[in-house]
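Worksheet for the structure shown next.
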Protein chains: 2
Amino acid sequence: MTRSIDTSGIDGIIGYRLRRAQMAVFARFMKRFAAAGIKPAEYSVLILAADNPGLRPSDMAAALGIQRANFVALAAGLEERGLIERRAAEADRRSHAIHLTPAGAKMVRDIRMIQDKFEAEFVAELGGPAERDLLLKLLEKLG
Amino acid sequence: MTRSIDTSGIDGIIGYRLRRAQMAVFARFMKRFAAAGIKPAEYSVLILAADNPGLRPSDMAAALGIQRANFVALAAGLEERGLIERRAAEADRRSHAIHLTPAGAKMVRDIRMIQDKFEAEFVAELGGPAERDLLLKLLEKLG
DNA sequence: TATTGTTATACTCTATAACTATA
DNA sequence: TATAGTTATAGAGTATAACAATA
């Protein structure tokens, strides 16, 4: 037996709606990138590595809003798969420099194409590029 | 040494932006509700219990988009704190009926007031009620 | 003293399978 | 057989403290 449920007390709450939307989008991301074997966090690391060669782990973690301690396993996984490498830095011997490997560069080309198509679906669902831009602008104001 | 980082490859991605916004909003929620001892998921359960007396755990879990197995501990915690109770249902002896206790009803009044003020801050940050409504409408299209 | 990468650890959230008692 | 609540469990994600090497 199904029953009609009053959700009016929560479905107008921004935080609740953000959570539901994020869960739905990430679930779709996981399906779409399953063949490539890339999760959302890995995608962002690879893209930042591609666009910022030599970046330090600490700076990348900060840019992504994650703890640098939690970044270690994330980067180690990508390094084990031969997608990035962490070289010893020249100036400061404490820090590392993150670089894409050739295989990582190829992966970035692939996943950028997948992502472009994936994003286009959301844009269509939102109603168009103007709606997408509006959404991003509003989200930016929240954090 | 701080370095300028190119994040253009990810900061226009809806999923990434949703995650960052949701993390920020939830972190603020946790601080604001710390005195009441209520987390986001607990808030939604209490509100649904208030607005749907006698609702079954399975239906509530489905409405919240969580597994019913994971709902058990959530409801048990609220019951241990004396905020809800799970009564044996009359018709179907397999199912339970969730009800607020008097303490739970008082808690709901309190947290609704906290939430109203909390939400008003986001509305102001977004630019007004029209922008909030627009955001909710766009989020709804995503899940 | 402070910072970088790292390890260890605990806590939370989520997903899945299987059990029990009812239907 | 199917369903409701539950248990058990494993996998992620996240946060904090502390350490060795280096600055």
Side-chain angles (χ1 to χ4, degrees), chain A residues 1-3 15-16 18-20 22-27 29-31 33-34 37-45 54-80 84-98, chain B residues 1-3 15-16 18-20 22-27 29-31 33-34 37-45 54-80 84-98:
Chain A
M1 166 193 174
T2 306
R3 156 178 177 177
Y16 176 71
L18 282 173
R19 171 181 165 271
R20 295 298 297 259
Q22 190 253 322
M23 294 280 289
V25 169
F26 268 40
F29 183 102
M30 295 287 277
K31 279 191 186 179
F33 286 80
I38 295 296
K39 288 183 285 189
E42 294 170 336
Y43 182 90
S44 57
V45 168
L55 194 62
R56 298 184 312 149
S58 286
D59 290 335
M60 187 177 294
L64 293 174
I66 64 181
Q67 308 295 322
R68 70 189 196 281
N70 295 329
F71 181 80
V72 176
L74 185 52
L78 294 173
E79 189 165 43
E80 268 183 33
I84 66 169
E85 57 182 10
R86 291 174 287 185
R87 305 178 192 158
E90 302 145 7
D92 189 333
R93 292 176 53 204
R94 288 173 303 182
S95 71
H96 290 175
I98 297 175
Chain B
M1 167 194 173
T2 306
R3 155 177 177 176
Y16 176 72
L18 281 173
R19 171 181 166 269
R20 295 298 298 258
Q22 190 252 325
M23 294 280 289
V25 169
F26 268 40
F29 183 103
M30 295 288 277
K31 280 191 184 179
F33 285 80
I38 296 295
K39 287 183 284 190
E42 294 169 336
Y43 181 90
S44 58
V45 169
L55 194 61
R56 299 183 313 150
S58 286
D59 289 336
M60 187 176 293
L64 293 174
I66 64 181
Q67 308 296 322
R68 69 189 196 283
N70 295 328
F71 182 79
V72 176
L74 184 52
L78 294 173
E79 189 165 42
E80 267 183 34
I84 66 171
E85 57 182 9
R86 291 174 287 185
R87 304 178 192 160
E90 302 145 6
D92 189 334
R93 291 176 54 205
R94 288 173 303 184
S95 72
H96 291 174
I98 296 175

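Protein chains get the first letters and strands the later ones, always in sequence-line order, with residue 1 at the start of each. Worth saying up front: this structure is predicted, and the values here are computed from it rather than measured.
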Which whole-number value in Å describes the distance from A:Lys31 NZ to C:dA15 P? 12 Å
Quick check: on DNA chain D, is the nucleotide nearest B:Pro57 upstream (toward 5') of the one nearest B:Asn70, or the reverse? Name the residue that is more 5'. B:Pro57
Counting the atoms with a prime plus P, OP1 and OP2 as sugar-phosphate, which does B:Met30 contact under 4.0 Å by heavy atoms, base, sugar-phosphate, or nothing? nothing
For D:dT6, does either OP1 or OP2 sit under 4.0 Å from a side-chain N or O belonging to B:Arg86? yes
Measure from CD on B:Glu90 to C1' on C:dT22 and round the result to the nearest Å. 16 Å
Can you check the A:Glu85 CD to C:dG5 C1' distance for me, whole Å? 17 Å
Between A:Arg56 and C:dT4, is there a side-chain N or O to OP1/OP2 distance below 4.0 Å? yes
Rounded to whole Å, CE of B:Met60 lies from P of D:dA4 at a distance of 15 Å
Side-chain atoms of B:Ala69 come closest, of D:dT6, C:dC13, D:dA23, to D:dT6
Has A:Gln67 got a side-chain N or O lying under 4.0 Å from the OP1 or OP2 atom of D:dT14? no
Specify the separation, in whole Å, of atom CZ of B:Phe26 and atom P of C:dT12. 16 Å
Rounded to the nearest 0.5 angstrom, the CG-CZ distance for B:Leu64 and A:Arg20 is 7.0 Å
Base of D:dT3, side chain of B:Arg94 - is there a donor-acceptor contact under 3.5 Å? yes
Given atom CG of A:Asp59 and atom P of C:dT4, what is their separation to the nearest angstrom? 7 Å
Quick check for you: to the nearest 0.5 Å, what is the distance between B:Ser95 atom OG and B:Arg87 atom CZ? 13.5 Å
Can you tell me how far apart CE (B:Met30) and CD1 (B:Ile38) are? Round to the nearest 0.5 Å. 10.5 Å
With a cut-off of less than 4.0 Å, is there a side-chain N or O of A:Ser58 near OP1 or OP2 of C:dG5? yes
Which is true for B:Ala41 with a 4.0 Å heavy-atom rule: it touches a base, it touches only sugar-phosphate, or it touches nothing? nothing
Is there a side-chain contact between B:Ser95 and the phosphate of D:dT3, meaning an N or O under 4.0 Å from OP1 or OP2? no
B:Arg93 atom CZ is separated from D:dT6 atom P, nearest whole Å, by 15 Å
Result for 5'-nearest mapping on DNA chain C, choosing between A:Val72 and A:Arg19, is A:Val72
Using 0.5 Å steps for rounding, measure from the CG atom of B:Leu74 to the CD atom of B:Gln67. 13.0 Å
Let's see if you can work this out: which of D:dA23, D:dA12, D:dT6 has an atom nearest to the side-chain heavy atoms of B:Arg68? D:dT6
What is the distance, rounded to the nearest whole Å, between atom CG of A:Leu64 and atom P of D:dT14? 11 Å
Between A:Ala91 and A:Pro40, which has a closest nucleotide on DNA chain D that is more 5'? A:Pro40
Aromatic plane relationship, A:Phe33 with A:Phe29 - under 30° parallel, 30 to 60° tilted, over 60° perpendicular: parallel
Between A:Glu42 (side chain) and A:Leu78 (backbone), is there a donor-acceptor pair under 3.5 Å? no
